[in-house]
Each structure stands twice: as C-alpha cells, then as structure tokens.
Amino acid sequence: MPELPEVETLRRYLEQTSLHQKINGFTTEDPKRQLALPPEELHEEIMGRQMVSTTRIGKHLLVALDNGKVISLHFGMTGDLHYYRIPEDAPRFERATFYFDSGFKLAFVDSRKFGRIGLWDSEEAYIKAKALGPDALEISADVLQKGLQKRKSPIKPVLLDQKLLAGIGNWLVDEILYQAGIHPETIAGELTSSQLQNLVNAMQEVLKTAIDKEAVYRELPATFLIHAREWDTSPHPEENTHKHCYRCQTEILKTTVGGRATYFCPSCQVK
DNA sequence: TAAAATGTTCTCTT
DNA sequence: AAAGAGAACATTTT
C-alpha cells in the first residue's frame, strides 16, 4: 500500500473517522517491534486525549493530540488503517488498536509488520529524527536539482532516498520516470535541464493523479505504467495489453536497479 | 515451494 | 562526512 498517495488517502480517512473522540485504550501485539517508545509511556500520554489534526510528510502520517504531542504512524510495506465498531468488522492482521469512548476502534493493520508507531513532542522533532527531506509534492525544482546534481548513482535509487525528498516509493519512481521518459539508470547528476523539467512535471502529475484516485491502482489512467506490474489485479488479466507501452507498444521490461524490481519501456526511456 | 513483495535502517566500504 | 552497496528485518502471497 503505502507510498505518498496511499498515505495521503489514509490521512484523509483518519481525519474523517477518528478526530475529536476521547481515546480510552490502546493495545499492540508486539510493542517491542512496533513502538518507538515503551508501551507504558505511550499509553500514559494518550489515554483520555483526543486526536485533533493530521499532517503528512512523505510516507509518514502525523496525528496531533490535544495535549500537543504527536503520534507518528509509518506503514512499512503493508500498513493500512481500518475504523470499525463491531467485532465482525475486524480486519485481518490488526497489529495495534486505538479505542475511542464512542465504541469505535481505529486499527493499525499490517501483515508484514514493518509499520511503526511513535510519540513525539512535535512534528519537527519527528522530521528531524527521521532526517526527512521535503515532501515530494512540495519540493521546488531548484532544491531538487541541487540535490540531484552531486549524486553519481542512477536516478532511481536517488529519488527513493527519503532524505533528499520524502514520499517516493518503488512503484511511484518507476511511474514517474516512465512518464518523464527517463531511463532509471541515468546518472542523477547527468540529467539535462529538459529531463529535469520533465521529471518535475511528471512527479506532480503522477502524485496528483494517484491521490485523486485515492491510490486505487486499477482506476489510474491506462497511460500509467503501473498496470504492467505483476501485482496489478486487473479485472481482465487475460488481456495482456497492459504489458506493453501505451505509447509505442514496445513490451515493458522488468529488471533490477538499486536492488529493486524495476519496470520501464526500453524504447521511450533511453540512457 | 521458492521467490518476490508498496520500506527503512544498519553495517561496512569507499 | 557522505554516498553507495548489501543485508537484515517478518510475513504473506503467488
């Protein structure tokens, strides 16, 4: 699930379900692993408090409490949220739960258990601790260009570096490079100014489109590369057209760049 | 059944 | 100091 558009969708979900209710309980399956602080401490700080507002930076969701503290939610590879009341609606893989006095619960769902929950004195403290760069929707072309300039790695792993800019994950980076017509192994510092411009435009376009569709992949435009990924659950898997570039019909290739699975069009994205 | 999976972080090396 | 490579983390799904 959780790259920038997914986390933005979760932020809105939390905002529409869970604000302004008294928290009267919190449980975790595996506090040592899932919490960035001792469970007693978290419990003490949030009991009786209310969530009052949310912020997102990159893939991180921050929830402000009415005592000024900030809960951090990071969703790892498979994190999700589910708000419910009756036990029949409990999701699979519920790893942590916030209980409200309304009787509703906010579940932190996470099959692979890479997600983390923390408590901080301020948003700034969290951003500093994680050394997060500017959010991918906010970063200016100028700052991005300066960040890329000195890097000698392929552009793909550089864009995945959350210290440079926050929010881009493995499917997004492939999508953005595809839309920008840039080969994922192009050395970051060697991008031309027109490539850089294409990159900035594609990043905005892809992020906004994905947020607009609430990160539901099958609703993304047919022009999106994401439909070529194996885990795309197309309603018509027998139609293999999504394995080809919508622009030139060339077969989409799968390789490894920076240790991650990488999809690209060998014809539209040349080094 | 072995392999791959939307992410981060740590260690080691350069 | 900073950048890059690679492994580790835990579990599910195909």
Side-chain angles (χ1 to χ4, degrees), chain A residues 1-11 28-36 56-62 72-81 91-96 108-118 126-133 135-136 146-178 184-190 203 206-207 209-211 213-220 224-234 237 254-263:
Chain A
M1 253 223 126
E3 300 183 32
L4 190 155
E6 291 93 332
V7 177
E8 176 61 21
T9 303
L10 292 171
R11 186 190 70 77
T28 36
E29 208 180 67
D30 186 353
K32 240 187 188 134
R33 192 149 277 134
Q34 298 177 75
L35 299 185
R56 179 194 55 72
I57 172 151
K59 310 170 192 175
H60 306 255
L61 176 52
L62 300 176
S72 61
L73 299 174
H74 186 269
F75 299 95
M77 298 271 266
T78 54
D80 199 0
L81 294 175
R92 280 185 85 190
F93 311 122
E94 178 168 348
R95 307 298 189 189
F108 186 88
V109 180
D110 186 15
S111 64
R112 279 179 71 188
K113 293 192 187 177
F114 283 160
R116 297 290 178 268
I117 298 172
Y126 182 75
I127 291 165
K128 192 176 173 196
K130 298 291 169 188
L132 295 175
D135 186 80
K146 288 193 168 66
L148 297 180
Q149 228 168 24
K150 56 192 174 213
R151 306 286 292 255
K152 294 178 177 132
S153 307
I155 184 68
K156 168 156 177 166
V158 172
L159 290 177
L160 289 173
D161 181 356
Q162 305 296 301
K163 293 180 175 62
L164 181 65
L165 77 171
I168 307 298
N170 202 40
W171 81 257
L172 273 176
V173 70
D174 282 1
E175 189 68 56
I176 291 165
L177 291 173
Y178 173 70
E185 287 178 312
T186 309
I187 300 304
E190 296 177 359
M203 192 158 77
V206 168
L207 289 173
T209 304
I211 290 171
K213 298 297 180 193
E214 301 183 325
V216 177
Y217 302 150
R218 71 179 119 63
E219 290 181 9
L220 292 172
F224 269 41
L225 178 71
I226 192 167
H227 305 296
R229 297 190 95 89
E230 285 157 3
W231 42 268
D232 174 41
T233 49
S234 160
K254 181 184 180 185
T255 57
T256 300
V257 179
R260 309 296 302 275
T262 300
Y263 293 77

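Reminder, nothing fancy here: chain letters follow the sequence lines and each chain counts from 1. Hydrogens, waters and symmetry mates play no part in the numbers below; they use all other heavy atoms, side chains included.
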**Message:** Could you check whether A:Y178 and A:F224 have their ring centres less than 6.0 Å apart?
**Reply:** no
**Message:** Please tell me if A:R260 has a side-chain N or O lying less than 4.0 Å from either OP1 or OP2 of B:dG7.
**Reply:** yes
**Side chain of A:F114 (C-beta onward), nearest among C:dC9, C:dA3, B:dT6** = C:dC9
**For atom CZ of A:R92 and atom P of C:dT12, their distance in whole Å** = 8 Å
**Asked** For the pair made of CG in A:L4 and P in B:dT8, what is the distance, rounded to whole Å?
**Response** 11 Å
**Request:** Rounded to the nearest angstrom, tell me the gap between atom CG in A:L159 and atom P in B:dG7.
**Result:** 13 Å
**Prompt:** Taking the six-membered ring for Trp, is the centroid-to-centroid distance between A:W171 and A:Y217 below 6.0 Å?
**Reply:** yes
**Prompt:** Does A:F75 stack onto the base of B:dG7, taking stacking as ring centres under 5.5 Å apart and planes under 30° apart?
**Reply:** no
**Fill in**
Read 5' to 3' with Watson-Crick or G-U pairs under 3.5 Å, [ ] for crossing pairs and | for partners on another strand, DNA chain B gives .||||.||||||||
**Value in whole Å for how far the P atom of B:dG7 lies from CG of A:D80** = 15 Å
**Prompt:** Does a side-chain N or O from A:R112 land closer than 4.0 Å to OP1 or OP2 of C:dC9, or not?
**Reply:** no
**salt_bridge(A:K152, A:E190) N-O dist < 4.0 Å** = no
**Asked** Roughly how far apart, to the nearest Å, are B:dA3 and C:dA7 at atom P?
**Response** 15 Å
**Message:** If the cut-off is 4.0 Å, is A:Q162 near the phosphate of B:dT8, judged by side-chain N/O to OP1 or OP2?
**Reply:** yes
**Request:** Answer yes or no: does a side-chain N or O of A:R116 lie under 4.0 Å from OP1 or OP2 of B:dT8?
**Result:** no
**Request:** Output yes when at least one side-chain N/O atom of A:K254 is less than 4.0 Å from OP1 or OP2 of B:dA4, else no.
**Result:** no
**Asked** Can you list the residues that meet the salt bridge (Lys or Arg N to Asp or Glu O under 4.0 Å) rule with A:D174, with sequence neighbours excluded?
**Response** A:K156, A:R229
**Prompt:** What nucleotide among B:dT8, B:dT6, C:dC9 has an atom nearest to a side-chain atom of A:H60?
**Reply:** B:dT8
**Request:** Check step by step if ring-ring contact (aromatic ring centres under 6.0 Å, His included) holds for A:F75 and A:F108.
**Result:** CA-CA 9 Å; A:F75 299 95; A:F108 186 88; 5.5 Å; yes
**Message:** Would you say A:K59 places a side-chain N or O within less than 4.0 Å of OP1 or OP2 belonging to B:dT8?
**Reply:** yes
**Prompt:** Would you say the side-chain atoms of A:E29 pair up with the backbone N or O of A:A96, donor to acceptor, closer than 3.5 Å?
**Reply:** no
**Item:** Integer-rounded Å distance: C:dA10 P and A:M77 CE
**Value:** 14 Å
**Request:** Indicate, with a heavy-atom threshold strictly under 4.0 Å, whether A:F93 touches base, sugar-phosphate, or nothing.
**Result:** sugar-phosphate
**Item:** Euclidean distance, atom CG of residue A:L148 to atom P of C:dA3 [Å, nearest integer]
**Value:** 12 Å
**Asked** Between B:dG7 atom C1' and A:L132 atom CG, what is the distance in whole Å?
**Response** 13 Å
**Prompt:** Under 4.0 angstrom, heavy atoms only, what part of the nucleic acid is A:G169 near: base, sugar-phosphate, or nothing?
**Reply:** sugar-phosphate
**Message:** What's the closest nucleotide to the side chain of A:R33 if the choices are C:dT11, C:dC9, C:dA3?
**Reply:** C:dC9
**Request:** Report yes if at least one side-chain N or O of A:S153 is closer than 4.0 Å to OP1 or OP2 of C:dG4; otherwise report no.
**Result:** yes
**Minimal non-hydrogen separation, A:I155 against A:P184, with atom names** = CG2-O, 3.4 Å
**Nucleotide C:dC9, atom P - distance to CG of A:D30 in whole Å** = 14 Å
**Message:** With a 4.0 Å cutoff (strictly under), does any side-chain N or O of A:H74 reach OP1 or OP2 of B:dT8?
**Reply:** yes
**Message:** Side chain of A:S111 only, heavy atoms from C-beta on: which candidate in C:dT12, B:dG7, C:dA10 is closest?
**Reply:** C:dT12
**Request:** Applying salt bridge (Lys or Arg N to Asp or Glu O under 4.0 Å), name anything that partners A:R11, two or more places apart in sequence or on another chain.
**Result:** A:E8, A:E15
**Prompt:** What interatomic distance, in whole Å, is found between P of C:dA10 and the corresponding atom of B:dT1?
**Reply:** 22 Å
**Message:** Between A:R95 and A:D30, does the salt bridge (charged side-chain N to carboxylate O under 4.0 Å, His left out) criterion hold? Intermediate values first, please.
**Reply:** CA-CA 8 Å; A:R95 307 298 189 189; A:D30 186 353; over 6 Å; no
